[in-house]
Amino acid sequence: MAEQAKWYVVHTFSGYENKVATNLETIVENRKLQDWIHEIRVPTELVSETKDGKTREVERKVFPGYVLVKMVMTDESWYVVRNVRGCTGFVGPNGKPVPLTEQEVAALGVERYEVEIDYQVGDTVRITEGPLENFSGTVDAIDLEKRKVQVTISMFGRETSVELEPNQAQRME
């Protein structure tokens, strides 16, 4: 069933995102619906805020009024999510739930995938995808958190730094 589970966006009353998420988690636990409703997320980000001359880190909601739910869409799971106190419905035409595409999920950074790479800083790699396919270069930096690799390639006799995703480069033997 995990293959059928998709991410959906649920609209909530403003300021009720965390309440809806905790209520939904409680309902899933009590009714043993873990097979249908897998994950509930309220996307947040850390932001530096200056107030009265003091700077501090504040956690802000990325999408106020929305909660992301990874679930298998059935009549029962729809009913459970739809009837949580503070929830106004699913995002989609006429309230009909529309799952997020894999590109949207990746862009939102909702799911974290383990990235395994067989190269390190200083290694020579060949670019395997994209407009610079088959170019080779040297790895300058690897940022696994942002899923980016900085590679310097030689293009038209000049050194050029390019940013790639880890799966777009392969170590050369």
Side-chain angles (χ1 to χ4, degrees), residues 1-12 14-15 17-18 20-22 24-25 37-73 81 90-93 97-173:
M1 279 192 214
E3 298 84 41
Q4 298 173 343
K6 294 189 177 0
W7 285 98
Y8 293 89
V9 181
V10 177
H11 192 263
T12 67
S14 185
E17 302 89 352
N18 293 333
V20 168
T22 53
L24 189 53
E25 287 169 353
I37 301 173
H38 299 264
E39 273 185 79
I40 300 141
R41 294 263 179 89
V42 179
T44 58
E45 63 183 352
L46 280 175
V47 180
S48 293
E49 188 177 85
T50 305
K51 197 173 188 179
D52 299 327
K54 295 177 185 165
T55 304
R56 60 189 179 122
E57 293 285 314
V58 178
E59 194 172 46
R60 269 216 190 111
K61 292 176 183 72
V62 178
F63 307 111
Y66 296 95
V67 175
L68 301 175
V69 181
K70 185 175 187 176
M71 61 188 279
V72 177
M73 188 56 70
V81 173
F90 284 91
V91 172
V98 176
L100 295 174
T101 63
E102 291 197 17
Q103 292 85 359
E104 290 169 329
V105 171
L108 292 174
V110 176
E111 287 189 333
R112 294 278 181 222
Y113 300 102
E114 281 299 313
V115 180
E116 288 187 25
I117 53 176
D118 64 343
Y119 51 84
Q120 53 193 343
V121 175
D123 284 354
T124 302
V125 294
R126 184 176 61 80
I127 299 173
T128 58
E129 291 179 19
L132 301 172
E133 187 174 351
N134 294 325
F135 274 82
S136 60
T138 307
V139 178
D140 294 329
I142 299 173
D143 188 347
L144 292 178
E145 195 170 296
K146 292 182 181 174
R147 298 178 53 117
K148 296 292 178 192
V149 177
Q150 200 75 28
V151 177
T152 300
I153 62 171
S154 179
M155 186 185 302
F156 306 119
R158 290 194 143 156
E159 297 289 307
T160 305
S161 185
V162 295
E163 193 173 74
L164 306 170
E165 293 196 15
N167 63 341
Q168 289 181 304
Q170 190 175 36
R171 186 168 65 121
M172 293 178 64
E173 300 301 322

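The side chain to side chain donor-acceptor pair (under 3.5 Å) check on Q150 picks up S161, with sequence neighbours excluded. The side-chain contact (heavy atoms from CB on, under 4.5 Å) search around P97 returns Y8, M73, W78, F90, not counting sequence neighbours. Here D140 pairs with T152 under the side chain to side chain donor-acceptor pair (under 3.5 Å) rule; sequence neighbours left out. By the side chain to side chain donor-acceptor pair (under 3.5 Å) test, E57 is found to be paired with S48, residues two or more places apart in sequence or in another chain being considered. Residues satisfying the side chain to side chain donor-acceptor pair (under 3.5 Å) test with Q170, not counting sequence neighbours, are R126.
Of the inter-residue distances, the one linking K148 atom NZ with I142 atom CD1 reads 14.0 Å to the nearest 0.5 angstrom. A distance of 10.0 Å separates CD of E25 from CD of E39, quoted to the nearest 0.5 Å. Summarising the geometry, atom OG1 belonging to T128 is positioned 7.0 Å from atom CG belonging to N167; distances are rounded to the nearest 0.5 Å.
Between the side chain of T101 and the main chain of E104, a donor-acceptor pair closer than 3.5 Å is present. The backbone N or O of P166 sits less than 3.5 Å from a side-chain atom of Y119, completing a donor-acceptor pair.
Remark: the T124 side chain and the T138 side chain contain no N/O donor-acceptor pair separated by less than 3.5 Å.
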Show me the side-chain donor-acceptor pairs of residues 59-68 shorter than 3.5 Å, one per line, residues at least two apart or across chains.
{"from": "E59", "atom 1": "OE2", "to": "T44", "atom 2": "OG1", "distance (Å)": "3.2"}
{"from": "R60", "atom 1": "NH2", "to": "E49", "atom 2": "OE2", "distance (Å)": "2.6"}

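L24 approaches I37 most closely through the heavy-atom pair CD1-CD1, 4.4 Å.
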